[in-house]
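Computed over heavy atoms, backbone and side chain alike; hydrogens, waters and symmetry mates excluded.
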Amino acid sequence: MKEDKASYRNRGGIVQKLVTAYKRVRYFTKAGRNLVVKQSAEFRVVKHAVLEVGENVTIQDYSFFQLTMPEPKVFIGDNTVIGRRNIITAKNLIRIGSDVLIGSDVQIIDHSHGTRRDTPMRLQRAEIGFVEIGDDVWIGVGAKILMNVTIGKGAVIGANSVVTSDIPEYAIAVGSPAKVVKYRT
């Protein structure tokens with residue numbers, strides 16, 4: 001017997017709700033209403049990690065969250081979309097505001113490796129910082145947001161940009177390293 005399209009879509013919706021419910025309980029310390037976490041989204045989270053999201057947050061397919069030692073905390077505001085294949089890696093603090101749109105293949109990282117010459121890099125401790133992304137920010141496809149960076153409210157980060165320093169409110173920044181080219185009007 002052939003299954004009609006409405007029945008098939010309904011079953012898909014039920015599966016999505018079950019996946020989200022499982023991941024909400026398993027990985028999130030706090031989650032608002034209408035969270036959507038796609039089945040292929042992956043989480044590697046230490047026991048004491050904090051992962052909080054507001055209402056109407058969507059985490060798209062193949063996104064990867066790694067919250068690792070020593071004290072990882074990730075906060076995501078309301079109405080924010082984490083695009084496909086995003087990588088969010090926290091050892092300390094990543095704060096993403098409300099109404100943020102993050103394109104696919106974006107990386108957000110709050111730490112880096114040591115680079116001293118007197119010790120092989122693989123033996124050096126991580127340098128740990130933070131990332132703060134304000135409300136109403138748009139981060140384009142393939143952008144990289146590196147440690148110790150604040151992106152101001154309303155900013156736009158161009159596709160494939162590498163953000164290594166603070167970006168002011170309502171600025172449009174592009175390039176590697178990202179530089180402000182103009183402001184939203």
Side-chain angles (χ1 to χ4, degrees), residues 15-116 118-135 137 139 141-151 157 162-167:
V15 170
Q16 178 58 65
K17 287 179 181 176
L18 289 171
V19 166
T20 295
Y22 169 75
K23 291 184 179 191
R24 173 194 298 261
V25 170
R26 175 75 174 87
Y27 301 112
F28 293 81
T29 51
K30 183 178 177 186
R33 294 176 302 155
N34 301 320
L35 172 66
V36 175
V37 181
K38 297 296 184 169
Q39 185 171 355
S40 57
E42 189 176 346
F43 298 82
R44 302 280 167 86
V45 179
V46 295
K47 286 183 182 179
H48 62 279
V50 174
L51 178 54
E52 294 185 8
V53 298
E55 297 186 358
N56 306 310
V57 170
T58 300
I59 298 173
Q60 293 288 0
D61 290 308
Y62 305 103
S63 291
F64 178 71
F65 284 71
Q66 182 178 27
L67 282 70
T68 187
M69 302 294 275
E71 297 294 330
K73 295 173 285 304
V74 174
F75 301 98
I76 301 172
D78 298 337
N79 308 309
T80 290
V81 177
I82 307 296
R84 291 175 181 243
R85 295 178 304 276
N86 275 213
I87 298 173
I88 296 177
T89 306
K91 288 182 173 289
N92 180 39
L93 175 64
I94 295 175
R95 187 178 307 275
I96 300 170
S98 295
D99 301 304
V100 174
L101 299 176
I102 303 176
S104 63
D105 302 297
V106 170
Q107 295 181 23
I108 303 171
I109 304 165
D110 74 349
H111 58 280
S112 183
H113 290 284
T115 57
R116 293 188 334 272
D118 63 343
T119 306
M121 284 196 280
R122 69 177 181 81
L123 300 176
Q124 293 185 42
R125 296 185 96 136
E127 295 175 5
I128 299 172
F130 67 92
V131 172
E132 298 264 354
I133 299 170
D135 296 339
V137 169
I139 301 174
V141 171
K144 313 290 185 267
I145 314 299
L146 303 183
M147 68 181 252
N148 297 331
V149 164
T150 298
I151 298 175
I157 307 302
V162 179
V163 180
T164 60
S165 60
D166 292 352
I167 304 298

Please confirm whether the backbone N or O of S104 pairs with a side-chain atom of Q60, one donor and one acceptor, at under 3.5 Å?
no

Looking only at atom types and distance, does a side-chain atom of Q124 sit under 3.5 Å from a main-chain N or O of R116, one as donor and one as acceptor?
yes

Between S63 and R84, is there a donor-acceptor pair closer than 3.5 Å when you use the side chain of the first and the backbone of the second?
no

State, with a plain yes or no, whether a side-chain heavy atom of H111 is found less than 4.5 Å away from one of N92.
no

Those residues at least two apart in sequence (or on a different chain) that pass ring pair (Phe, Tyr, Trp, His ring centres under 6.0 Å) with F75 are none

Output all residues satisfying salt bridge (Lys or Arg N to Asp or Glu O under 4.0 Å) with R24, sequence neighbours left out; order by chain, then residue number.
none

Considering all heavy atoms, the nearest A90-I94 contact:
CB-CD1, 3.8 Å

Just jot down the side-chain contact (heavy atoms from CB on, under 4.5 Å) partners of N79, sequence neighbours excluded, or say none.
N56, D99

Please name all residues satisfying side-chain contact (heavy atoms from CB on, under 4.5 Å) with A126, sequence neighbours left out, ordered by chain then number.
K91, I128

How many angstroms lie between atom OG1 of T20 and atom CD of Q39, to the nearest 0.5 angstrom?
10.0 Å

Suppose we screen for salt bridge (Lys or Arg N to Asp or Glu O under 4.0 Å). Which residues come up paired with R125, at least two apart in sequence or across chains?
none

Do H48 side-chain atoms and M69 backbone N/O form a donor-acceptor pair below 3.5 Å?
no

So how far is it from I76 CD1 to S98 OG, rounded to the nearest 0.5 Å?
10.5 Å

D166, L93, I96 screened by side-chain contact (heavy atoms from CB on, under 4.5 Å) with E132, the one that passes
L93

Sub-3.5 Å donor-acceptor pair from the side chain of Q16 to the main-chain atoms of V37, do we have one?
yes

Taking only residues two or more places apart in sequence, or in another chain, which ones meet K144 in a side-chain contact (heavy atoms from CB on, under 4.5 Å)?
Q107, L146, V162

By salt bridge (Lys or Arg N to Asp or Glu O under 4.0 Å), which residues pair with R33, not counting sequence neighbours?
E55

Should we count CD of E42 as having more than 12 external heavy atoms under 6.0 Å?
yes

Taking all non-hydrogen atoms of both residues, which atom of V46 and which atom of P72 are closest, and how far apart?
CG2-CG, 3.7 Å

T68: which residues meet the side-chain hydrogen bond (donor to acceptor under 3.5 Å, both in side chains) condition with it, sequence neighbours left out?
none

Residue list, ring pair (Phe, Tyr, Trp, His ring centres under 6.0 Å) with F43, at least two apart or on another chain:
Y27, F28, F65

Return the minimal non-hydrogen interatomic distance between D135 and G97, and the atom names on each side.
OD1-CA, 3.3 Å

Quick one: list whatever passes salt bridge (Lys or Arg N to Asp or Glu O under 4.0 Å) with D105, sequence neighbours left out.
R85

According to side-chain contact (heavy atoms from CB on, under 4.5 Å), who are the partners of V149, at least two apart in sequence or on a separate chain?
I145, I151, V163

To the nearest 0.5 Å, what is the distance between OG1 on T89 and CZ on R44?
11.0 Å

Give the minimum heavy-atom separation between I59 and A41, together with the two atoms involved.
CG2-CB, 4.1 Å

For a 4.5 angstrom cut-off between non-hydrogen side-chain atoms, does T150 reach F130?
yes

Shortest non-hydrogen contact between I109 and V131, atoms and distance:
O-CG2, 3.5 Å

side-chain hydrogen bond (donor to acceptor under 3.5 Å, both in side chains) partners of T164, counting only residues at least two apart:
none

Using only atom types and a distance under 3.5 Å, with no angle test, would you say the side chain of S40 pairs donor to acceptor with the backbone of D61?
no

pair I167-V137: side-chain heavy atoms closer than 4.5 Å:
no

Rounded at 0.5 Å granularity, tell me how far CD1 in I102 sits from OG1 in T58.
11.5 Å

Start with the C-alpha distance between I157 and V106, add both sets of side-chain angles, then the distance that settles side-chain contact (heavy atoms from CB on, under 4.5 Å), and finish with yes or no.
CA-CA 11 Å; I157 307 302; V106 170; over 6 Å; no

Exam field: side chain K73 to backbone E71, donor-acceptor pair closer than 3.5 Å:
yes

